[in-house]
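Down below is the structure, laid out as structure tokens.
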Amino acid sequence: MAALADIRCACEACTKIRSTVDRIFCILDLYGWLLDSYVVDFFEERLWDKLPESWRFALQNTSPQEFGKWLSGDTSCTQVWPLSLLALRQATSSLQINRNHEDPEGIISCKLNNIMQDIDERKLSEGKVNVTNESSLLDSKFDKLFSKHIKKKKKYEIQEIARVCANCAYDSNCKCIVDIGAGMGHLARILAFQHGFCVTCIEQDYTLLQQARKWDQELLLSVKKHLPNFDEKSPQHYPAKLELSNLVESELVSHLQDLFQNGFNLTKTDTTFGLVGLHPCGDLAPLLLRFYTSRSEAKFICIVGCCYMKLTLKSEIGRSKGYPLSQYLISRKDNALSYMSLEVACHAIEKFCDKLKTGNYEDLIVHTYRAALETILVKKTEKLRHSQLRNVKVTKGMTFQQYCIAATSHFETRLQPEDSEINNSEIAGHLNCWQQVLMFGSLRIMLAPLVETVVLLDRFLFLSENNLSPTLKPVFDGKLSPRNLVLMSRKMN
């Protein structure tokens, strides 16, 4: 293993990233306890009292709408805030990755290969795809065929990510794409039928794989009604679970090349491929990054991570499986991120702020209900602390008693809350503190983007340390798709 100084990229972007990571951990050292706290323990651990006194004084007199404005940077907010809270918001705002998909300055690129990278940045900023496939010439009504069975959010995501993937493939001179964790194949069908790529899907859930094959054929029949001479390149589907093992990786590459050669009548020289992952869960994203760095056959990678709380954090065989990946983060003594902080990092701050600003935060009362119920359960027996409850969405008019009954319906009768435990002055006092619970949760959401920033910059540095110029770009609208940052890289040879 090369010394850390030998594998650092000295470009402006990577230098700034390392500084940003250091500064974020300085903030987390002071305020990370907020992220590590369980809101369910709000009353049990007296979390409100742990906030600085000046914060409590300001927040208890602030409406959620006003706080939402301030949190989102709305200049119409006239509230006077403690300097330490103002400084924290400014720091979180300046250090987090730019999530604005409409901001051309939001692209972060490593300059290992300056000339080629400058060309790539222009293409990313322009968002152009040189599509030549015949199906792209059809009118907009034909798009309905491709969006069948797809929810609005998913449709938006696959349309946007398909353009990015197509650009990466064209620039890499790749005819083949491997969609990892392909699910029911929505993205694969767009890449295959609209963009004309040879696509192989890897999915470990055989039920999803079978459904994908069914919808492939359904779409193909519909397309041929409009284009009888359509040159089909239906996606192939391969059931497999990726493992962190060179043996498995070698076998997988060999099998992929066979699939591309036999399924699409390609020569072996045409079977180099790009790796695509739209929201690979937990450790799958880092596994794909390792796969990409270790295999010359993989010419580009394009992934949008999610479910950070499912990352494996502890070391296995001398290295971390999920986080951290980069030698820079591994070398830091204070690189730890907790499960709770990673879970909060999966929430959308844009959507949360909108809820507060518009007064549409009734469903957030569930956190107060859950914390109040926790006090009841712990009094019954310590074994019920942090119990898994039924997922109950609090709607307008739902009482705390109704919530308790629904949330503990799977408990033994003797462990379910009694009327006297639900309806008393102590519980009433807790429920009246709903605004404090909401404000505490809002402070955690304010810090959450810093955690996602650390995770993504760690992955960025990992690619950079392997001389694989990465680019990080917000592609989706954060209000529609909370995990909206795409990490991509293309090998230059």
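Residue numbers start at 1 and run along the sequence shown. Predicted, not measured: the structure shown is a model, and the values here were computed from it.
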Is it the case that more than 12 heavy atoms not belonging to E12 sit under 6.0 Å from its CD atom?
no
Short question: side chain of D458, backbone of L325 - any donor-acceptor pair under 3.5 Å?
yes
A quick test of your reading: do over 12 heavy atoms of other residues, nucleotides or ligands sit less than 6.0 Å from CG of D334?
yes
Cation-pi check for F25 against K333: NZ or CZ below 6.0 Å from the six-membered ring centre and within 45 degrees of the axis, yes or no?
no
Going by atom types alone, do E452 and Y308 pair a side-chain donor with an acceptor below 3.5 Å?
yes
Using side-chain heavy atoms (C-beta onward) and a distance below 4.5 Å, is L191 in contact with C165?
yes
Quick one: side chain to side chain contact (heavy atoms under 4.5 Å, CB included) partners of V366, sequence neighbours excluded?
V394, Y403
Do any pairs count as a salt bridge (charged side-chain N to carboxylate O under 4.0 Å, His left out) and have a residue in residues 52-77, sequence neighbours left out, and if so which ones?
none
Neighbour count above 12 (heavy atom, 6.0 Å) for L83 CG:
no
Determine which pairs satisfy salt bridge (charged side-chain N to carboxylate O under 4.0 Å, His left out) with at least one residue from residues 410-427, sequence neighbours left out, and list them in order.
K379-E426, K380-E421, E412-R414
Only counting residues at least two apart or in another chain, list the ones meeting side chain to side chain contact (heavy atoms under 4.5 Å, CB included) with C9.
C11, C14, C110, L112, S464
Going by the rule ring pair (Phe, Tyr, Trp, His ring centres under 6.0 Å), which residues pair with F300 if we only count those two or more places apart in sequence or in a different chain?
none
Quick one: side-chain hydrogen bond (donor to acceptor under 3.5 Å, both in side chains) partners of E374, sequence neighbours excluded?
R370
For residues 14-23, which residue pairs pass the salt bridge (charged side-chain N to carboxylate O under 4.0 Å, His left out) check, not counting sequence neighbours?
D22-R332
Would a line drawn from the ring center of F67 to the ring center of W81 be shorter than 6.0 Å?
yes
Check ring pair (Phe, Tyr, Trp, His ring centres under 6.0 Å) between F43 and all other residues, then give those that pass, not counting sequence neighbours.
H430
Once side chain to side chain contact (heavy atoms under 4.5 Å, CB included) is applied, do any residues pair with E160, and if so which ones, sequence neighbours excluded?
Y156, R163, V475, F476
Mind checking side chain to side chain contact (heavy atoms under 4.5 Å, CB included) for K310 and listing every partner two or more places apart, or none if nothing turns up?
C281, C307
Sort and list the pairs that fulfil salt bridge (charged side-chain N to carboxylate O under 4.0 Å, His left out) and have at least one residue in residues 81-97, not counting sequence neighbours.
none
With a 3.5 Å cut-off and no angle check, do the side chains of W55 and S84 form a donor-acceptor pair?
yes
Among L356, T62, L86, whose side chain to side chain contact (heavy atoms under 4.5 Å, CB included) with W70 holds?
L86
Where at least one partner belongs to residues 341-354, residue pairs that pass side chain to side chain donor-acceptor pair (under 3.5 Å), sequence neighbours excluded:
R99-E350, S338-S341, E343-H347, D354-K479
Is a side-chain donor or acceptor of N424 paired with a backbone partner of I427 at a separation under 3.5 angstrom?
yes
